[in-house]
Amino acid sequence: MHRWISIPFSTVFAIALLGNSTLLYVIKTEPSLHKPMFYFLSMLALTDLVLSLTTVPKMLSIFWFNAREITFKACLVQMFFLHSFAIMESAVLLAMAFDRYVAVCNPLRYSSILTNSLIAKIGLLALVRASGLMLPLPFLLRRLPYCRSHVISHCYCEHMAVVKLACADTRFNNIYGIFVVLCIGVLDLLCIGHSYLMILRTVLSLATKEERLKALGTCLAHICAILFFYTPAVLSSVIHRFSHHIAPHVHILMANLYLLFPPMMNPIVYGVKTKEIRERVLTAFSRKRL
């Protein structure tokens, strides 16, 4: 059945690669899109590409060639990049919430606040934060003995899945994992929530219904991206740590949704909801037909 199972995986992977690559190409080649919002969107697309390329090729090799083995070092490298760029995606979504806050609540100072220098610093800070938080994980895992089964019940190397294979005290690993989840998930979500509360207060103070709908419309794609990323991420983390009576295939399904769904859906939503990108893509297709 593996070849049949691989069909949705390869389809999602192809859509993610094509969609995010198209976003990056359109933003790079269209001078009118060289704006803060689209710079952050290009960061999101690049992060989604790395997440997909880190995990899906190995999944497909399992389904197509029954290549189930991975060396321990390669497993740690995959885990580092996987979690680092997942954390970076959370930071990019937070930066995009700040972008929407400035655009709606302080539009006259938008270009003076979100300068190219600040955007570059935000991107660098997101990368440093993600790498710094994930750098201890490979060393924490290497110190553990693995004298039980070496079979990971996932299509990729996830931190808690590897920790469960150890035959030693793993409390510190569990505590550090929960600390990262709280530090990233909760803190970023609180900041995003605060941004949208400020946006909502500003929107409700607008004079007409048309103005309110237009202001909210500029945030709709970002809200969808937040839901696509955080919903499966939170559910997957909770299931891994606190639910011991849930069937294994539910764990695997949620973990795969966490990685595959956002990279596929983000370019689709932004392509449909963002007028500038939609028009640029349609223009490119019409030229090819001519």
Side-chain angles (χ1 to χ4, degrees), residues 2-3 5-29 38-93 95-96 123-124 126-135 137-138 141 152 154-162 184 225 228-230 232-233 236 252-271 277 281:
H2 274 186
R3 291 186 179 180
I5 297 171
S6 71
I7 293 174
F9 281 87
S10 56
T11 303
V12 169
F13 184 49
I15 294 172
L17 289 181
L18 179 62
N20 288 292
S21 299
T22 302
L23 276 182
L24 289 171
Y25 175 77
V26 168
I27 293 170
K28 181 182 178 182
T29 57
F38 298 104
Y39 289 146
F40 288 128
L41 180 55
S42 63
M43 291 182 194
L44 184 67
L46 184 60
T47 304
D48 282 338
L49 274 176
V50 176
L51 276 175
S52 298
L53 291 169
T54 300
T55 54
V56 182
K58 181 59 183 175
M59 292 184 193
L60 295 179
S61 71
I62 295 172
F63 294 139
W64 289 342
F65 311 114
N66 202 31
R68 300 183 180 186
E69 293 185 357
I70 185 171
T71 65
F72 186 58
K73 289 182 179 179
C75 182
L76 295 182
V77 170
Q78 185 188 55
M79 182 198 68
F80 174 78
F81 279 98
L82 163 67
H83 290 303
S84 294
F85 279 87
I87 291 172
M88 189 169 176
E89 178 147 349
S90 179
V92 173
L93 290 173
M96 295 174 82
L124 181 61
L127 182 61
V128 169
R129 184 185 75 156
S131 302
L133 284 171
M134 285 299 102
L135 193 60
L137 281 188
L141 290 172
I152 298 174
H154 277 285
C155 301
Y156 56 86
C157 292
E158 194 268 344
H159 175 235
M160 289 307 300
V162 178
I184 300 303
F228 293 152
F229 178 76
Y230 282 108
S236 178
I252 297 169
L253 177 63
M254 290 308 304
N256 288 334
L257 280 176
Y258 162 55
L259 287 180
L260 297 173
F261 197 60
M264 178 186 70
M265 292 304 300
N266 287 339
I268 294 174
V269 170
Y270 274 97
I277 293 176
V281 172

Minimum heavy-atom distance between Cys75 and Ile152, given as atom pair plus value: SG-CD1, 3.9 Å
Minimum heavy-atom distance between Phe40 and Met96, given as atom pair plus value: CB-CG, 3.6 Å
Interatomic spacing from NZ in Lys73 to CG in Leu76 - rounded to 0.5 Å: 9.5 Å
N/O donor-acceptor pair under 3.5 Å between Ser84 side chain and Phe81 backbone: no
Donor-acceptor under 3.5 Å (Ser10 side chain, Ile7 main chain): yes
Parallel, tilted or perpendicular, as decided by the 30° and 60° cut-offs, for the rings of Phe63 and His2: perpendicular
Residue pair Cys155 / Asn256: nearest heavy atoms and the distance that separates them: SG-ND2, 4.0 Å
Residue pair Phe38 / Val26, side-chain heavy-atom distance below 4.5 Å: no
From Asn66 atom CG to Arg3 atom CZ, the distance as rounded to the nearest 0.5 Å: 10.0 Å
Pairwise side-chain contact, Leu41 with Tyr270, heavy-atom cut-off 4.5 Å (strictly under): yes
Beyond-backbone contact of Phe229 with Tyr258, side-chain heavy atoms, under 4.5 angstrom: yes
Partner of Met264 under side chain to side chain contact (heavy atoms under 4.5 Å, CB included), chosen from Ile15, Leu17, Leu18: Ile15
Nearest-0.5 Å distance, OG1 of residue Thr55 to CZ of residue Phe85: 12.5 Å
Validation row: Phe228, Leu257 side chains within 4.5 angstrom (heavy atoms): no
Closest non-hydrogen atom pair, Ala225 against Leu93: CB-CD2, 3.9 Å
Whether His83 and His159 hold their rings parallel, tilted or perpendicular, with breakpoints at 30° and 60°: perpendicular
Minimum heavy-atom distance between Ala91 and Ala126, given as atom pair plus value: CB-CB, 3.6 Å
Phe9 atom CZ, neighbour heavy-atom count above 12 within 6.0 Å: yes
OH/Tyr156: more than 12 non-hydrogen atoms of other groups inside 6.0 Å: yes
Partner of Leu44 by side chain to side chain contact (heavy atoms under 4.5 Å, CB included), out of Leu49, Asn266, Asn20: Asn266
Sidechain-backbone polar pair: Ser90 side chain, Ala86 backbone, donor-acceptor under 3.5 Å: no
NZ-SG distance between Lys58 and Cys157, expressed to the nearest 0.5 angstrom: 8.5 Å
NE2-CD1 distance between His154 and Ile62, expressed to the nearest 0.5 angstrom: 11.5 Å
From CE (Met79) to CD1 (Ile70), nearest 0.5 Å: 11.0 Å
Closest contact, heavy atoms only, Trp64 versus Ser6: NE1-OG, 2.9 Å
Pro263 and its side chain to side chain contact (heavy atoms under 4.5 Å, CB included) partner, picked from Asp48, Val50, Val56, Val12: Asp48
Under 3.5 Å donor-acceptor, Glu89 side chain and Thr47 backbone: no
